Asker: 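Have a look at the structure that comes next, please.
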Amino acid sequence: MESSPRDLLVQFEGMGFAYGSRAIIDDLTLEVQRGEVLAIMGGSGVGKTTLLKLIAGLIAPQQGGVRVFGEPLSPDNKKELFATRRRMGLLFQFGALFTDLSCFENVAFPLREHARLPESMLRDIVLLKLECVGLRGAAHLMPSEISGGMARRVALARAIALDPELLLYDEPFAGLDPISLGVTARLIRRLNDSLGASSIIVTHDVAESFEIADRVAVLAPSPAGARLVALGTPQSLSDSQDPYVRQFLEGREDGPVAFHYPASSVEEAFA
Amino acid sequence: MINAALNQVARLGASSLVFVEALGRLAVLFARLVLRLPAVLRRPGLIGSQIHFLGNHSLAIILVSGLFVGLVLGLQGYYTLRRYGSEEALGLLVALSLLRELGPVVAALLFAGRAGTSLTAEIGLMKAGEQLSALEAMAVDPITRILGPRFVGGLAAMPLLAALFSAVGVMGGWFVAVVLIGVDAGAFWSQMSSGVEFWDDLMNGVIKSIVFGLIVTLVALYMGYECRPTPDGVARATTLTVVAGSLAVLGFDFVLTALMFGSL
């Protein structure tokens, strides 16, 4: 893929982040190109979701910087930050639908807030977005009346309501049945290509993300915060000999990530 | 021994710090709400639906409580006033008690229990369900869009509810005095209308109800917005809304009463 600077939608430049004294991410350098689907993988609690929050500017890094759409994020300038966020869509792990609004109104929400549209045009756009995720027929239902997998698809329709250039997915596959899982995965790929957007998926689901991602980044925990240990096409990762990557992809019990949480020796504990 | 005593002191200090920090955060939230007021007022539809929601849902409990407070005031007032042979002053006693004190205060306490808790739980659950973060991610400011209309709505609903409380209470007092006991109706009303001052009594009561509405709504929003986003955290925040809101209302009532009527 060609990569002129304006085709880099997200750039992490030697970025480090910590919650208080707890280091989360250490010296991350990573670029996301226009049009690609990038899967960021790693064990639970390694700081994958934190990365998405950093891109959306919900939190700010302590070291290095994050560029989105070529511009450095400025957490202090709310106006600029909001203008940047309007060009991206963020899908939360459990959808985060507004429980007091119907599916239709949930998808209409960003349009009503940011675009002055006549009601008939708004209706067409909302139904079109719901059609994309296969839920036009569920427009009138309340979030409490649909399944978790459907809620996530409605949230996806809401995230793409403003035709974003960058789509961020937080654990889109967690807790889905096999059918919803396949549906969601192909939907992410199809939406990415039809919108001409870039997508970043944060996940630990190996099979699905290897199927749809152009590139995969693997984060591994370390005392100084999570580090990027592998980056490449799904094929090149499958061939990787890195011990952490091998353990992660094959789901081995013991390896660089130990099965046992650090503790005193067994002899001592049961003496 | 000394260590234990010192620990107690340290704990006292720590909890005072927590309290002062909470006050600071409350003040910051208040400042942010005031700064965003122009943006909030540009969406009258959102405010209207909140006035309807907060006011309408508190209406039944406010009206019933007002009626019973008025009834009891009539009975108790009659008991005392009869000793001095001045039963005709019952109307004045009921009206002044309600307008100056009971209307704003009791309505605010009920408002904290009925509307305040639902505000806290709603905002807290929105936070727990990541709905507030979702708003941020959609480039919508939750303070302008969610908290602001509720703040203005509570501020507007509270004086109306207090006024209704007082009005129904006066009717309750009239029922006991005139219908049940047989106090002269003309004396009941004329004593009331000549004894109640517009600025000193009525407007001071209105000012109180506005201040209480601000306190209760602000505390309720703060508790929801700052709560830990867990079932336990939302439950705690809801309880705290009633406790802190009620105590703040009673405390401010003393201060306001001293300022308004202290020189009498």
Side-chain angles (χ1 to χ4, degrees), chain A residues 49-50 52-59 68 73 75 77-101 106-116 143-144 148 151-152 154-162 164 166-171, chain B residues 21 28-29 31-33 35-50 52-54 56-57 115 118-150 153 221 224-225 228-231 234:
Chain A
T49 302
T50 307
L52 291 190
K53 289 185 177 166
L54 283 160
I55 297 172
L58 295 171
I59 47 180
V68 179
L73 276 186
N77 187 342
K78 273 260 177 193
K79 210 167 196 170
E80 221 168 86
L81 192 61
F82 273 22
T84 310
R85 279 188 198 155
R86 239 170 272 178
R87 298 168 64 190
M88 55 172 98
L90 174 55
L91 186 73
F92 284 81
Q93 186 167 355
F94 298 107
L97 291 178
F98 302 122
T99 41
D100 56 336
L101 300 178
N106 260 288
V107 180
F109 189 91
L111 295 163
R112 289 194 199 283
E113 291 295 319
H114 293 308
R116 295 257 167 277
S144 56
R152 216 168 296 179
V154 174
L156 183 51
R158 184 177 69 179
I160 59 170
L162 292 170
L166 178 63
L167 278 159
L168 310 172
Y169 298 90
D170 188 8
E171 301 280 6
Chain B
E21 194 197 325
V28 170
L29 179 65
R32 291 168 78 183
L33 280 167
L35 283 178
R36 286 167 175 76
L37 216 49
V40 172
L41 293 176
R42 236 172 286 144
R43 307 275 294 265
L46 291 177
I47 297 173
S49 70
Q50 285 304 321
H52 174 256
F53 178 78
L54 296 171
N56 208 26
H57 286 217
S118 82
L119 276 181
T120 305
E122 186 188 19
I123 307 255
L125 288 173
M126 285 187 87
K127 187 177 181 184
E130 289 189 307
Q131 294 179 33
L132 296 184
S133 307
L135 281 169
E136 286 261 359
M138 270 184 250
V140 176
D141 179 25
I143 294 192
T144 310
R145 181 62 179 69
I146 301 292
L147 271 66
R150 283 160 179 76
L221 292 175
Y225 193 61
R228 267 182 303 120
T230 60
V234 176

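Naming: A, B, ... by sequence-line order, numbering from 1 per chain. Since we're looking at a predicted model, the values are computed, not measured.
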Asker: If you take all heavy atoms of B:V140 and A:F82, which pair is closest and at what distance?
Answerer: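 Closest approach of B:V140 to A:F82, heavy atoms only: C-CE2, 4.0 Å.
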
Asker: Name the region of A:K78, side chain, backbone, both or neither, that has any atom closer than 4.5 Å to a heavy atom of chain B.
Answerer: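 For A:K78, the side chain is the part near chain B, not the backbone.
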
Asker: Quick one: closest heavy-atom pair of B:A137 and A:L58, and the distance?
Answerer: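 Shortest heavy-atom separation between B:A137 and A:L58 comes out as N-CD2, 4.4 Å.
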
Asker: What closest approach, in Å, do B:A139 and A:R85 show between heavy atoms, and which atom pair accounts for it?
Answerer: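 Taking every non-hydrogen atom into account, CB-CB, 3.9 Å.
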
Asker: How long is the gap from CG on A:D170 to CD on B:E130, to the nearest 0.5 Å?
Answerer: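 Those atoms lie 7.0 Å apart.
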
Asker: For atom NE2 of B:H57, decide whether the heavy atoms of other residues, nucleotides or ligands shown that lie under 6.0 angstrom number more than 12.
Answerer: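 Counting neighbours around NE2 of B:H57, more than 12 heavy atoms of other residues, nucleotides or ligands fall under 6.0 Å, so yes.
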
Asker: B:M138 vs A:E113, test: side-chain contact (heavy atoms from CB on, under 4.5 Å). Steps then yes/no.
Answerer: CA-CA 9 Å; B:M138 270 184 250; A:E113 291 295 319; over 6 Å; no

Asker: Taking every non-hydrogen pair under 4.5 Å, which of A:L97, A:T84, A:L168 racks up the most with chain B?
Answerer: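 Looking at each of A:L97, A:T84, A:L168 in turn, A:L97 comes out on top.
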
Asker: Any chance you could lay out the side-chain contact (heavy atoms from CB on, under 4.5 Å) test for A:F92 and B:Q131, step after step, and finish with the verdict?
Answerer: CA-CA 9 Å; A:F92 284 81; B:Q131 294 179 33; over 6 Å; no

